[in-house]
Visitor: 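Below: one structure in structure tokens.
A quick note: this is a predicted structure, and the numbers were derived from the prediction, not measured.
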Amino acid sequence: MRNLIFVAFVEPVTEGLVFLRSAWPLHITLVRFDVESPAGADVTVRVAELAKPYATAALGASLTVGEDTGFGRNGSVPVSLIQPQPDLQTLHEQLVGALARLDGKVLTPAHTLSGYRPHVSHHGDKRLNPGDAVVLDRIALVDMAPDGDRTVRRVLRLWDRD
């Protein structure tokens with residue numbers, strides 16, 4: 001079973017980048033999921049193939065940062081909401097649909113489709129502010145436990161506007 005996530009980074013990253021799970025670059029989660037990796041096959045290649053047309057079509061969408069709020073238990077995780085935007089919602093829904101074709105298991109079904117609330121978590125002093133403009137220009141597939149190591153993350157595939 002592979003634990004993967006699609007995100008839209010709002011900070012520069014590169015394909016292959018490895019970072020600590022506590023040191024995520026600022027990002028918008030698109031969908032987090034598990035998917036079976038058939039014997040002798042790398043399912044991430046198929047996931048990336050299915051996602052590519054949706055990710056590349058969404059590149060360049062303009063987003064606006066909304067209000068600050070708290071997520072998680074007792075609202076203890078500070079986040080900046082992203083104002084509703086049709087291209088971002090469509091991308092999210094298309095990725096969820098692609099995962100269904102692979103029998104992927106979405107890990108946060110209550111926060112998916114009509115329950116999707118795009119946001120950027122604050123990381124110490126790193127954060128976005130209400131009214132900031134953000135361009136959807138870096139969409140990535142990230143491995144949540146590369147080589148079985150749950151302390152780090154790895155950018156497996158990056159679609160960008162370059």
Side-chain angles (χ1 to χ4, degrees), residues 1-38 41-65 77 79-83 85-108 111-113 116-128 132-162:
M1 185 73 66
R2 297 292 297 270
N3 183 230
L4 304 169
I5 189 170
F6 284 111
V7 301
F9 283 107
V10 297
E11 290 188 292
V13 297
T14 57
E15 197 166 294
L17 175 70
V18 176
F19 53 90
L20 292 173
R21 75 174 182 198
S22 60
W24 273 88
L26 294 179
H27 66 281
I28 301 165
T29 296
L30 298 168
V31 62
R32 185 172 173 190
F33 60 100
D34 284 340
V35 65
E36 282 290 333
S37 192
D42 185 356
V43 73
T44 62
V45 172
R46 182 71 178 129
V47 169
E49 287 173 354
L50 286 172
K52 181 180 179 176
Y54 308 128
T56 56
L59 290 171
S62 296
L63 310 174
T64 303
V65 178
V77 178
V79 304
S80 299
L81 294 175
I82 300 298
Q83 291 181 356
Q85 203 275 0
D87 295 327
L88 183 60
Q89 183 67 34
T90 297
L91 173 60
H92 166 75
E93 292 172 5
Q94 290 170 327
L95 293 173
V96 171
L99 295 173
R101 293 195 300 273
L102 290 172
D103 293 325
K105 179 184 176 190
V106 173
L107 299 179
T108 55
H111 303 290
T112 303
L113 302 174
Y116 181 55
R117 292 182 65 200
H119 63 279
V120 177
S121 297
H122 301 177
H123 291 281
D125 292 339
K126 289 191 335 181
R127 57 156 299 155
L128 298 179
D132 284 351
V134 176
V135 175
L136 198 60
D137 59 1
R138 290 175 213 88
I139 298 169
L141 174 63
V142 177
D143 191 334
M144 298 293 280
D147 303 318
D149 185 350
R150 297 198 172 278
T151 66
V152 296
R153 310 295 187 239
R154 177 181 294 134
V155 177
L156 297 175
R157 182 68 176 92
L158 180 66
W159 297 276
D160 58 23
R161 294 193 329 152
D162 290 342

Visitor: Does a side-chain heavy-atom distance below 4.5 Å link Arg117 with Val79?
Guide: no

Visitor: Under a 4.5 Å cut-off applied to non-hydrogen side-chain atoms, are Asp143 and Leu4 in contact?
Guide: yes

Visitor: Between Leu136 and Ala8, what is the shortest heavy-atom contact and its length?
Guide: CD1-CB, 3.3 Å

Visitor: Looking at every non-hydrogen atom in both residues, tell me the closest pair between Ala61 and Gln85 and how far apart they are.
Guide: CB-NE2, 4.0 Å

Visitor: What distance do Arg2 atom CZ and Met144 atom CE have between them, rounded to the nearest 0.5 Å?
Guide: 12.5 Å

Visitor: Rounded to the nearest 0.5 Å, what separation is found between the CZ atom of Arg138 and the CD1 atom of Ile28?
Guide: 11.0 Å

Visitor: Just do the side chain to side chain contact (heavy atoms under 4.5 Å, CB included) check on Leu91 and Ile139 with the steps written out, would you?
Guide: CA-CA 10 Å; Leu91 173 60; Ile139 298 169; 3.7 Å; yes

Visitor: Search all heavy atoms of Lys126 against all heavy atoms of Pro25 and return the closest pair with its distance.
Guide: NZ-CA, 4.0 Å

Visitor: Between Thr108 and Thr29, is the side chain to side chain contact (heavy atoms under 4.5 Å, CB included) condition met? List the steps.
Guide: CA-CA 11 Å; Thr108 55; Thr29 296; over 6 Å; no

Visitor: Might you point out which heavy atoms bring His122 and Ser80 nearest each other, and give the distance in Å?
Guide: NE2-OG, 2.9 Å

Visitor: Can you tell me how far the CG atom of Leu128 sits from the CD atom of Glu11, to the nearest 0.5 Å?
Guide: 8.5 Å

Visitor: Minimum heavy-atom separation for Val77 to Ser121, with atom names?
Guide: CG1-OG, 4.3 Å

Visitor: Please tell me if the side chains of Leu63 and Asp132 come closer than 4.5 Å, counting only heavy atoms from C-beta onward.
Guide: no

Visitor: So does Arg101 have more than 12 non-hydrogen atoms from other groups sitting under 6.0 Å from CZ?
Guide: yes

Visitor: Can you list the residues that meet the side chain to side chain contact (heavy atoms under 4.5 Å, CB included) rule with Ala51, with sequence neighbours excluded?
Guide: Phe6, Leu95, Trp159

Visitor: Does Leu30 reach the side chain of Tyr116, with side-chain heavy atoms less than 4.5 Å apart?
Guide: yes

Visitor: Compare all side-chain heavy atoms of Val65 with those of Val120 and state whether any distance is below 4.5 angstrom.
Guide: no

Visitor: Apply side chain to side chain contact (heavy atoms under 4.5 Å, CB included) to residues Leu156 and Val47 and explain how you reach the verdict.
Guide: CA-CA 11 Å; Leu156 297 175; Val47 169; over 6 Å; no

Visitor: Could you tell me the separation between the CG atom of Asp34 and the CG atom of Leu99, rounded to the nearest 0.5 Å?
Guide: 10.5 Å

Visitor: Has His111 got more than 12 heavy atoms of other residues, nucleotides or ligands less than 6.0 Å from its NE2?
Guide: no

Visitor: Kindly compute the distance separating CD (Glu93) from CG (Leu88), expressed to the nearest 0.5 Å.
Guide: 10.0 Å

Visitor: Side chain to side chain contact (heavy atoms under 4.5 Å, CB included) between Phe9 and Val142: does it pass, once the steps are laid out?
Guide: CA-CA 11 Å; Phe9 283 107; Val142 177; 4.0 Å; yes

Visitor: Report yes if some heavy atom in the side chain of Val96 is under 4.5 Å from a heavy atom in the side chain of Leu113; otherwise report no.
Guide: yes

Visitor: Considering residues at least two apart in sequence or located in another chain, which fulfil the side chain to side chain donor-acceptor pair (under 3.5 Å) criterion with Glu15?
Guide: Arg157

Visitor: Between Arg32 and Asn3, what is the shortest heavy-atom contact and its length?
Guide: NH2-OD1, 3.1 Å

Visitor: Find the distance between NE2 (His123) and CH2 (Trp24) and round it off to the nearest 0.5 Å.
Guide: 8.5 Å

Visitor: If only atom types and distance count, is the side chain of Asp147 paired as donor or acceptor with the main-chain N or O of Asp149 below 3.5 Å?
Guide: no

